[in-house]
Amino acid sequence: QVQLVESGGGLVQAGGSLRLSCAASGRSLSIYVMAWYRQAPGKQRELVARITSGGNTHYAESVKGRFTISRDNAKNTVYLQMNSLKPEDTAVYYCNNNAGTWGQGTQVTVSS
C-alpha cells in the first residue's frame with residue numbers, strides 16, 4: 001500500500017514562492033492520477049491541481065497561471081510549484097492519489 005508524505009510548506013510573504021513535494025513509499029506513483037488539495041480554516045477541502053499518469057494537468061481557476069503541478073516518477077515524487085502567492089492561498093495542502101490515499105498535509109501560510 002502506498003504512503004504519501006508532503007513537505008515544503010512554510011511561512012512566506014505575499015508574492016513569494018514555495019515548492020511542495022509529495023514523496024511516495026510502498027508503491028510506484030506512476031500508475032496513479034495524483035492531485036494536490038487544500039483546506040483553509042472553516043472551509044471545505046478543495047482541489048488545487050491534478051496530473052494524470054501521462055502528464056495531463058488540470059488546475060483550479062484560482063491558481064491557474066501561478067501554480068504548476070509536476071511529477072518525477074523516477075523519484076516517486078509529485079511537486080507543486082506555487083508562485084505569486086496570495087494570503088488566500090493560506091491552507092493545509094494535501095497530496096492525494098486516485099486510490100484514496102492521503103498524506104498528512106503541510107501548512108502553507110502567506111502573510112500580507
Side-chain angles (χ1 to χ4, degrees):
Q1 185 174 352
V2 66
Q3 292 182 322
L4 304 174
V5 178
E6 301 96 334
S7 61
L11 173 64
V12 63
Q13 288 188 331
S17 298
L18 283 174
R19 188 196 196 200
L20 306 184
S21 299
C22 171
S25 61
R27 195 167 185 176
S28 172
L29 282 181
S30 63
I31 63 171
Y32 296 111
V33 176
M34 299 299 300
W36 287 96
Y37 285 75
R38 67 186 180 188
Q39 188 167 18
K43 294 188 177 181
Q44 288 189 330
R45 192 171 296 189
E46 63 175 358
L47 176 68
V48 176
R50 182 174 60 230
I51 185 167
T52 69
S53 57
N56 293 319
T57 57
H58 168 81
Y59 296 93
E61 285 296 326
S62 59
V63 307
K64 274 185 181 178
R66 300 189 298 121
F67 290 11
T68 303
I69 188 171
S70 62
R71 64 194 303 160
D72 186 335
N73 290 334
K75 294 184 177 181
N76 226 22
T77 301
V78 176
Y79 303 98
L80 185 68
Q81 178 67 45
M82 306 186 295
N83 299 327
S84 301
L85 282 160
K86 304 175 181 180
E88 51 264 44
D89 294 318
T90 295
V92 178
Y93 284 70
Y94 298 90
C95 181
N96 163 267
N97 69 4
N98 61 326
T101 304
W102 292 90
Q104 84 289 349
T106 185
Q107 176 71 47
V108 172
T109 303
V110 184
S111 63
S112 57

Minimum heavy-atom distance [X]-[Y], with the two atoms named:
X: Pro87; Y: Ala14; result: CD-CB, 4.1 Å
X: Ala24; Y: Val2; result: CB-CG2, 3.8 Å
X: Thr90; Y: Val110; result: OG1-N, 2.9 Å

Please examine the side chains of [Y] and [X], heavy atoms only from C-beta on, and report whether any two atoms are closer than 4.5 Å.
X: Glu46; Y: Tyr37; result: no
X: Gln104; Y: Tyr94; result: no
X: Gln107; Y: Thr109; result: yes
X: Leu20; Y: Thr106; result: yes

Let me confirm one number: the [atom1]-[atom2] distance from [X] to [Y], rounded to the nearest 0.5 Å.
X: Arg27; Y: Asn97; atom1: CZ; atom2: CG; answer: 9.5 Å
X: Leu4; Y: Ser25; atom1: CG; atom2: OG; answer: 8.0 Å
X: Glu6; Y: Cys22; atom1: CD; atom2: SG; answer: 5.5 Å
X: Asn56; Y: Ile51; atom1: CG; atom2: CD1; answer: 8.0 Å
X: Met34; Y: Asn96; atom1: CE; atom2: CG; answer: 7.0 Å

Open item on the list: Among residues at least two apart in sequence or on other chains, which ones pass side-chain hydrogen bond (donor to acceptor under 3.5 Å, both in side chains) with Gln81?
Closed with: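 Scan of Gln81 (side-chain hydrogen bond (donor to acceptor under 3.5 Å, both in side chains), adjacent residues dropped) gives Asn83.
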
Give a yes or no on whether [X] and [Y] share a hydrophobic cluster (residues Ile, Leu, Val, Met, Phe, Trp, Tyr; joining criterion: side-chain heavy atoms under 4.5 Å apart).
X: Val78; Y: Ile31; answer: yes
X: Met82; Y: Val12; answer: yes
X: Trp36; Y: Val5; answer: no

Open item on the list: Under a 3.5 Å distance rule, please check whether Asn98 uses its side chain to pair with a backbone N or O of Tyr32 as donor and acceptor.
Closed with: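 Checked: no pair found.
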
Open item on the list: Determine whether a donor-acceptor pair (N or O, by modelled atom type, separation under 3.5 Å) exists between the side chain of Asp72 and the backbone of Lys75.
Closed with: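 Looks like yes, one N/O pair under 3.5 Å.
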
Task: Arg71 to Tyr79, cation-pi by 6.0 Å centre distance and 45° axis angle - done: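 Checked: cation-pi criterion not met.
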
Open item on the list: Is it the case that atom CD in Glu88 sees more than 12 heavy atoms from other parts of the structure closer than 6.0 Å?
Closed with: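 Yes, because the 6.0 Å sphere around CD of Glu88 holds more than 12 heavy atoms from other groups.
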
Open item on the list: As a quick check of understanding, evaluate side chain to side chain contact (heavy atoms under 4.5 Å, CB included) for Thr57 and Arg50, giving each step before the final call.
Closed with: CA-CA 6 Å; Thr57 57; Arg50 182 174 60 230; over 6 Å; no

Open item on the list: Pair Leu80, Leu18 - check side chain to side chain contact (heavy atoms under 4.5 Å, CB included), show working.
Closed with: CA-CA 8 Å; Leu80 185 68; Leu18 283 174; over 6 Å; no

Can you give each donor-acceptor pair under 3.5 Å made by side-chain atoms of residues 59-68, sequence neighbours left out, with the distance rounded to 0.1 Å?
from, atom 1, to, atom 2, distance (Å)
Tyr59, OH, Ile69, N, 2.9
Glu61, OE2, Lys64, NZ, 2.8
Ser62, OG, Arg38, NH2, 3.4
Arg66, NH1, Ser84, O, 3.0
Arg66, NH1, Asp89, OD2, 2.8
Arg66, NH2, Ser62, O, 2.9
Arg66, NH2, Asp89, OD1, 3.0
Arg66, NH2, Asp89, OD2, 3.4

